[in-house]
Every structure is written in structure tokens, then in C-alpha cells.
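Only one structure is covered here, and it is reproduced in the block below.
We count residues from 1, following the sequence as given. FYI, side chains are in, hydrogens and waters are out, and symmetry mates aren't considered; it's all heavy atoms of this structure.
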Amino acid sequence: MRSLTLDEIEYLENNGCRAEDWSGITVAEDFSPKFIRDVFFYGEVTLGVFDKEIQIDEGFSRHAGISRAVLRDVTVGDNCLIENVGNYISRYDIGEECVISNVGIISTTDSATFGQNNQVALLNEAGDPNIILYDALTSQMAALMMRYSGDKDVWNAIRKMVAAYVEKANPQRGQIGYRVKIVNTREMINVVVSDDCEINGASCLSEVTLKGSSDAGIYVGHDVICENSIVQSGSSILDGAKLDNCFVGEACHIGRGFSAESSVFFANSYMDNGESCAAFCGPFSVSHHKASLLIGVETSFYNAGSATNYSNHAYKMGPIHYGTLHRGSKTASGAHILMPANIGAFSMCMGKVQTHPDTVNLPFSYVIAEGMTTWLVPGCNFATVGTYRDIMKWPKRDKRPQTGRRSVVNSEWLSPYVIQSVVEGRNCLRELEDNGELADETDTTATSKGYTMRNGSALRGIGFYDMAIRMFIAESVKKEGEGLPSSSTGTGEWLDLSGLLAPKSEIEQLTDDIRFATLDELYQVDDRLLDIHRHYGEYKWNYTYRLALNYYNLDTITADDVQMMIRKGDEARGQWIARIRKDAEKEFALGDVSEEQLEDFLEGL
């Protein structure tokens, strides 16, 4: 870099440019002032070259240059086009080939955080912070933070790791990366924008990091207000969306006026029209409709029906209640759940649920509110068209680039995590049957967990759960045969850390290593979580082997046992497909689908 020559200063002044001090301007060796017009320079400004045309839009290119702008303490990379800056650009480093046009103010203040190291309270809206935002956050790390935020030693260790990471990652002033486009945008204060991102028509971005990747940028559209937040690669924030204290993970969509406060969204989540507060929306959480409120709830692989609502006020003690809809759950149109509630995996909730049900050990159920009674139909959602379509679509709809994915998203539906609840549910229902409590199928059985079952439904639930267990075991033994398990890891309880399915013992070992500083950097924790995921197949077989011995009352698994389990699993799968077929034909009989649609679906089963 070099200083301006006297001839260059004269040329710039003739082009309407002015400087607080021309000696504060440095330029590239091959700099030419030809394309610099009506620019006011303050402080130290560094300019690259402006010697080629750059693409503005498809089929439309313009020559690089700067016109009608005020620059203060700014570095401008080669071949940028900067024009029509209504106020000023201050304390920013701008990468090569950027387009900045028709903007108000772009500035960095002394207290800039860029949205990093921001502590947010999820689930319990009135509680202490239990998530710390930073640009490399994964759904697993967020779930780990939330789960162990009450462990003072673990929480303080994680806070220390995040603080150290952010201190290294945060720049001294605002950054705009390579080939970024910022147009028709009113205000950007303390914003980091990575390569190949576009901001078009936004109202205000303040304390924000847009962390794209080499394979996927970020798009921020018109009328967006985004504050104290971080957005990861492949995501879009559009159409007047408003975010405050939020994290938007990879390949997410937030649009059509959606309003979010103190919420996180991970891996392919899609939010339109409604609002959220203190919500943990794990991978594939979806809400399309107006009048839907996600508040104080944890979800993943979730779909909210229109006008879904959650209440985190039980009476007068404030917004302190929260709950979980475990992976694969849904809410029907108009569903209203009064927290706390704990809904089992792959369940469907309907009506105004006021009894705070805990159905975690009765997955694949219908949860139906009728006045002050909550009816539970256990297992019946196991063999429905909706569940079938869901489990088939998730792997196909992962929009994240194949390389550089941050969060682990294990979309396997019959996993040890889900099957452990299936086994518990089956055992619970069998115990009721053995005690004679289900003898009269027309009678009902109430529980202390906020729901009531019809006895006939409970008996059918045992059949659904047996079907699931046999399918799960057969799928594993087809792959592993008579092979012995590698260890006891995975034979106990399993957890779902927002997409990562893992033995609880491995997660507890991880937190012990965090507590005692065996792991003291974030990348080490991420690596451990990834390593747990890489061993998923091994841990799954350890679990399945023991389950098969217990379920079929065996001492060991022989070749004959393998064939028996595969046969029973195939029979169960046949029954499963038959029930799904019947469910589809029922919808056709109601006149809700055409014959062509029915045939296409049935052919794909």
C-alpha cells in the first residue's frame, strides 16, 4: 500500500471528493482515482483497485468504484461498488468485489459484541440464562448447555470456553466479507457479514453475526429487524421477520413476519407468520401458520398445526412453566397446551390440553383433550400415513451443504432412544393388563400422569409397541447377525441432544471431562460429540443385543435365533405397512385425496 500522489489528490478533488486529512488515505499500488466520485473521507481509509466490472444481477454488470459516500476509518477491498450511502460507513473492513448501494448507516461502536457471547434464557422465560450464543454453536452443544445449566461447575466451565473462543473469533471492528451484496438497507450497527452473503432491503441489523460457509451464504430480505443474534450458513431471514436474542442455525428459514425473541432454531427449521419466545426449536422444527405461538417449548422433527398455542403461565407466578414435545411430535390445528407437559416421541396433540400430561414413555400416541380430560391413545400413531411420510421426508429435506455441516442430525426413527420408551410403554400397559385393570375393554383407566386411556386402546397399544420392537430388532440383526456387542456402552438409558442420539453414560462422561477441565476448549467438546455420533451404530447394537435377549427370553443369539427374529420382524413390518395402507384408503374414502394420489402413495410403500 502507498499514499496518494498529489496528482491523485487533485483528480479526486476535481471529482467532488474531500478528505479530513489526505495523508490518512492509503491505496493499492495500482490504484486509479478514475472511478471515485463525491466521496468524503474521514480518519484512516484504505482503498484497493477499481479496474473491472462486477456482476450486479443476472446479466447486468457495472464498473467497480465509489460514489456519493462518506467513509470513516474504512478498508475497501479490490473492485467493490459502493454508492449512495445516505449517512456513512464507519470502522469497517470491506472485502473484495462487494456491492454496497443505497444504504443508510453501516458502523461499528466501541462496545460491539456482534451478537457473540450473548446469554439467553430458554424454556423458562423468567429463568436464568441457559444458552450462550456463538457463531459455531451446534444443536448438540446448545442442548448440552440447557440440560446441564443447573450444574454450576459444568456451566461455568462452558462459559469460560465460550468467552475464550469469542475473544479470538471477534474482530476489532465490523467485517464485510468477499462478494457480499448489501442494498436498500437502512441500518447496520456492529454486524459481521461473511463471504457471499446478501442483505437486501433490511430495516435494522444490530449486534449480529452472519456466519456463512464456503458452500452456502446467508440471505437477509426486506424489512427484517435482527438484533443480538447469530445466523449460520444457508439460512434466510425474510419478509419482515423480527429476531431478538436468537440463534438461527444451518439452512433455516424465518419469514413472513415471524417474530422471535430469546429462541434458537437449528438445521432445516422453517418458521413463517407466527411467533416464538424462549423456544428451543431443534432440527426440522416447522411452523407455517399465523396465530401460532411457540413459547417455553423444546421441539425437534416437529410440525405445528395452524393456531397452535402454548401457555407458560399456569396461574399467577409468572411465565415459569415449560415442556418438551419429543422428536417427531405434532400439534393439530388449534391445539393449545398448558405447560408443563412432557409429550412422548412421534405423538399427535389435539385440543386444549390442560392436565399437564407426561406421556414420554408412551410414544406414538394420540393426546386428545376433551374439556378437562386428556385422552391418550397409546401407540396408534405408529402406523399412520402421517408418520410414514414424516420419517421418509426428513433425510431427503436436509438442505445443508454436504461438507462442513455443524450440527449432527440423526433422523433415524426407530432408535434406541425411541425404543427405550416403547419398551417402557409396553411394560406399563402389560402390567395394567396383568393386574386385570384392562379386563373390561369398554371401561377407562385414569393415571396420575395427567391422562386417561380407554382400556381397549391400551390393549391395542401393546400390539403397536410389540410391532415396533420386533421391527427394530430385525433391522439390527439383519446387519449384525450373531455378532457379540463390543461393550456395555449403550445398554442403559439414551438421550436425544437435539439430533444427536447418544448413550447417557457417554454424555455424563463428557460433562465430567468438562467439569474437571480434561476438555477445556469448544472444539474438543464438539469433537467428542462427533465421536459419539460416529460410534452410534456400535452403541446401537450393544443396546439391541441386550434388548433381543430380554424380549425373546434368550441366553445368547444363535443363527436360528437370528432367522427367527428376522421372520418376526418381517411379519411386523408387513402388519405395519398394511395398517398404513388402510389409513391411506380411509382418507381416500373420505374424499380427501384423488385416486391417482392414493395409488402413487401405495406404490411407494
**Request:** Side-chain contact test, heavy atoms from C-beta onward, threshold under 4.5 Å: evaluate it for Leu547 versus Val423 and give yes or no.
**Result:** yes

**Request:** Mind checking salt bridge (charged side-chain N to carboxylate O under 4.0 Å, His left out) for Arg454 and listing every partner two or more places apart, or none if nothing turns up?
**Result:** none

**Prompt:** Hey, is the main chain of Tyr523 close enough, under 3.5 Å, to the side chain of Tyr165 for a donor-acceptor pair?
**Reply:** no

**Asked** Do other residues, nucleotides or ligands put more than 12 heavy atoms under 6.0 Å from Arg579 CZ?
**Response** no

**Message:** Please give me the minimum heavy-atom distance between Tyr539 and Ile532, naming the atom from each residue.
**Reply:** CE1-O, 3.9 Å

**Prompt:** Where do Lys449 and Leu362 land on the side-chain contact (heavy atoms from CB on, under 4.5 Å) test, with the steps shown first?
**Reply:** CA-CA 11 Å; Lys449 294 191 174 183; Leu362 290 163; over 6 Å; no

**Complete:** The residue among Lys504, His326, Arg327 that forms side chain to side chain donor-acceptor pair (under 3.5 Å) with Tyr417 is His326

**Prompt:** Does some side-chain heavy atom of Leu243 sit less than 4.5 Å from a side-chain heavy atom of Val248?
**Reply:** yes

**Request:** Return yes if a side-chain donor-acceptor contact under 3.5 Å exists between Ser206 and Glu227, otherwise no.
**Result:** no

**Request:** Can you measure from CD (Gln119) to CG (Asp128) and round to the nearest 0.5 angstrom?
**Result:** 9.5 Å

**Asked** Looking only at side chains, do Asn455 and Thr445 share a donor and an acceptor under 3.5 Å apart?
**Response** yes

**Any donor-acceptor N or O pair under 3.5 Å, side chains Asp398, Asn268** = yes

**Message:** side chain to side chain donor-acceptor pair (under 3.5 Å), that's the test. Do Glu431 and Asn427 meet it? Break it down for me.
**Reply:** CA-CA 6 Å; Glu431 183 177 352; Asn427 292 344; over 6 Å; no

**Message:** Once rounded to the nearest 0.5 Å, what's the spacing between atom OG of Ser213 and atom CZ of Arg406?
**Reply:** 8.0 Å

**Residue pair His253, Asp272: steps toward the side chain to side chain donor-acceptor pair (under 3.5 Å) verdict** = CA-CA 8 Å; His253 165 103; Asp272 272 343; 2.8 Å; yes

**Request:** Report the residues that fulfil salt bridge (charged side-chain N to carboxylate O under 4.0 Å, His left out) with Asp223, sequence neighbours left out, ordered by chain and then residue number.
**Result:** none

**Message:** Salt bridge or not between Arg528 and Asp531? Use side-chain N to carboxylate O under 4.0 Å.
**Reply:** no

**Message:** Are Ser407 and Gln140 packed together at the side-chain level, in the sense that at least one heavy-atom pair is separated by less than 4.5 angstrom?
**Reply:** yes

**Prompt:** Does Asp390 have any salt bridge (charged side-chain N to carboxylate O under 4.0 Å, His left out) partners at least two apart in sequence or in another chain, and if so, which?
**Reply:** Lys330, Lys393

**Asked** Taking only residues two or more places apart in sequence, or in another chain, which ones meet Phe301 in a ring pair (Phe, Tyr, Trp, His ring centres under 6.0 Å)?
**Response** Phe284, Trp394

**Prompt:** How close do Thr308 and Thr331 get, heavy atom to heavy atom, and via which atoms?
**Reply:** OG1-OG1, 2.9 Å

**Message:** Does this structure show an ion pair linking Glu475 with Lys540, if we count only N-O contacts that are shorter than 4.0 Å?
**Reply:** yes

**Asked** Would you say Ile337 and Val297 make side-chain contact, with heavy atoms under 4.5 Å?
**Response** no

**Asked** Can Val220 and Val208 be said to form a side-chain contact (heavy atoms from CB on, under 4.5 Å), step by step?
**Response** CA-CA 12 Å; Val220 179; Val208 170; over 6 Å; no

**Request:** Indicate whether the side chain of Arg159 and that of Asn156 have a donor and an acceptor atom separated by less than 3.5 Å.
**Result:** yes

**Request:** From the options Cys428, Ser347, Ser457, select the one residue that forms a side-chain contact (heavy atoms from CB on, under 4.5 Å) with Pro378.
**Result:** Ser457

**Request:** For Thr359 and Gly344, work out which heavy atoms get closest and say how close.
**Result:** OG1-N, 2.9 Å

**Message:** Measuring from atom CD1 of Ile469 to atom CZ of Arg426, what distance do you get when rounded to the nearest 0.5 angstrom?
**Reply:** 5.0 Å

**Asked** For Ser333 and Ser306, does a side-chain donor sit closer than 3.5 Å to a side-chain acceptor?
**Response** yes

**Prompt:** Parallel under 30°, tilted from 30 to 60°, perpendicular over 60°: which one fits the rings of Phe364 and Phe382?
**Reply:** perpendicular

**CZ (Arg515) with more than 12 external heavy atoms under 6.0 Å** = yes

**Request:** State, to 0.1 Å, how close Cys281 and Ser269 come at their nearest heavy-atom pair, and which atoms those are.
**Result:** O-OG, 3.8 Å

**Message:** Using side-chain heavy atoms (C-beta onward) and a distance below 4.5 Å, is Ile343 in contact with Cys349?
**Reply:** yes

**Asked** Quick one: NZ on Lys242 to OG on Ser229, what's the gap to the nearest 0.5 Å?
**Response** 13.5 Å

**Value rounded to 0.5 Å, distance of OG1 in Thr384 from CZ in Phe346** = 10.5 Å

**Item:** For Leu205, the option from Val193, Ile189, Leu210 that meets side-chain contact (heavy atoms from CB on, under 4.5 Å)
**Value:** Leu210

**Message:** I need the minimum non-hydrogen distance between Ala332 and Met350, along with the two atoms involved.
**Reply:** CB-CG, 3.4 Å

**Asked** What pairs with His533 under side-chain contact (heavy atoms from CB on, under 4.5 Å), at least two apart in sequence or on another chain?
**Response** Val408, Asn410, Leu500

**Prompt:** Got a second to check how far Leu338's CG is from His321's NE2, nearest 0.5 Å?
**Reply:** 9.5 Å

**Item:** Verdict with supporting geometry, Phe266 and Phe280, ring pair (Phe, Tyr, Trp, His ring centres under 6.0 Å)
**Value:** CA-CA 9 Å; Phe266 288 101; Phe280 189 115; 5.7 Å; yes

**Message:** A side-chain contact here means heavy atoms from C-beta on lying under 4.5 Å apart; do Met141 and Val162 qualify?
**Reply:** no

**Request:** Report the residues that fulfil side-chain contact (heavy atoms from CB on, under 4.5 Å) with Asn118, sequence neighbours left out, ordered by chain and then residue number.
**Result:** Val120, Leu133, Asn228, Asn245

**Prompt:** Taking everything shown except Tyr388 itself, do over 12 heavy atoms lie less than 6.0 Å from its OH?
**Reply:** yes

**Test log, rule side-chain contact (heavy atoms from CB on, under 4.5 Å), inputs Phe464 and Asn381** = CA-CA 9 Å; Phe464 285 121; Asn381 201 38; over 6 Å; no

**Message:** Any non-hydrogen side-chain atom of Ser276 less than 4.5 Å from a side-chain atom of Met271?
**Reply:** no

**Asked** Any luck finding a side-chain donor-acceptor pair between Thr299 and Ser285 under 3.5 Å?
**Response** yes

**Asked** Is Ser259 reaching over with its side chain to a backbone N or O of Glu275, donor-acceptor style, under 3.5 angstrom?
**Response** no

**Complete:** Closest heavy-atom pair, Ile225 versus Ser203, reported as atoms and distance to 0.1 Å, is CG1-CB, 4.0 Å

**Item:** Over 12 foreign heavy atoms within 6.0 Å of CD, Glu538
**Value:** yes

**Request:** Please test Leu294 against Ser263 for side-chain contact (heavy atoms from CB on, under 4.5 Å), starting from the C-alpha separation and ending with a verdict.
**Result:** CA-CA 9 Å; Leu294 309 180; Ser263 297; over 6 Å; no

**Side chains of Tyr134 and Thr209 in contact at under 4.5 Å (non-hydrogen atoms)** = no

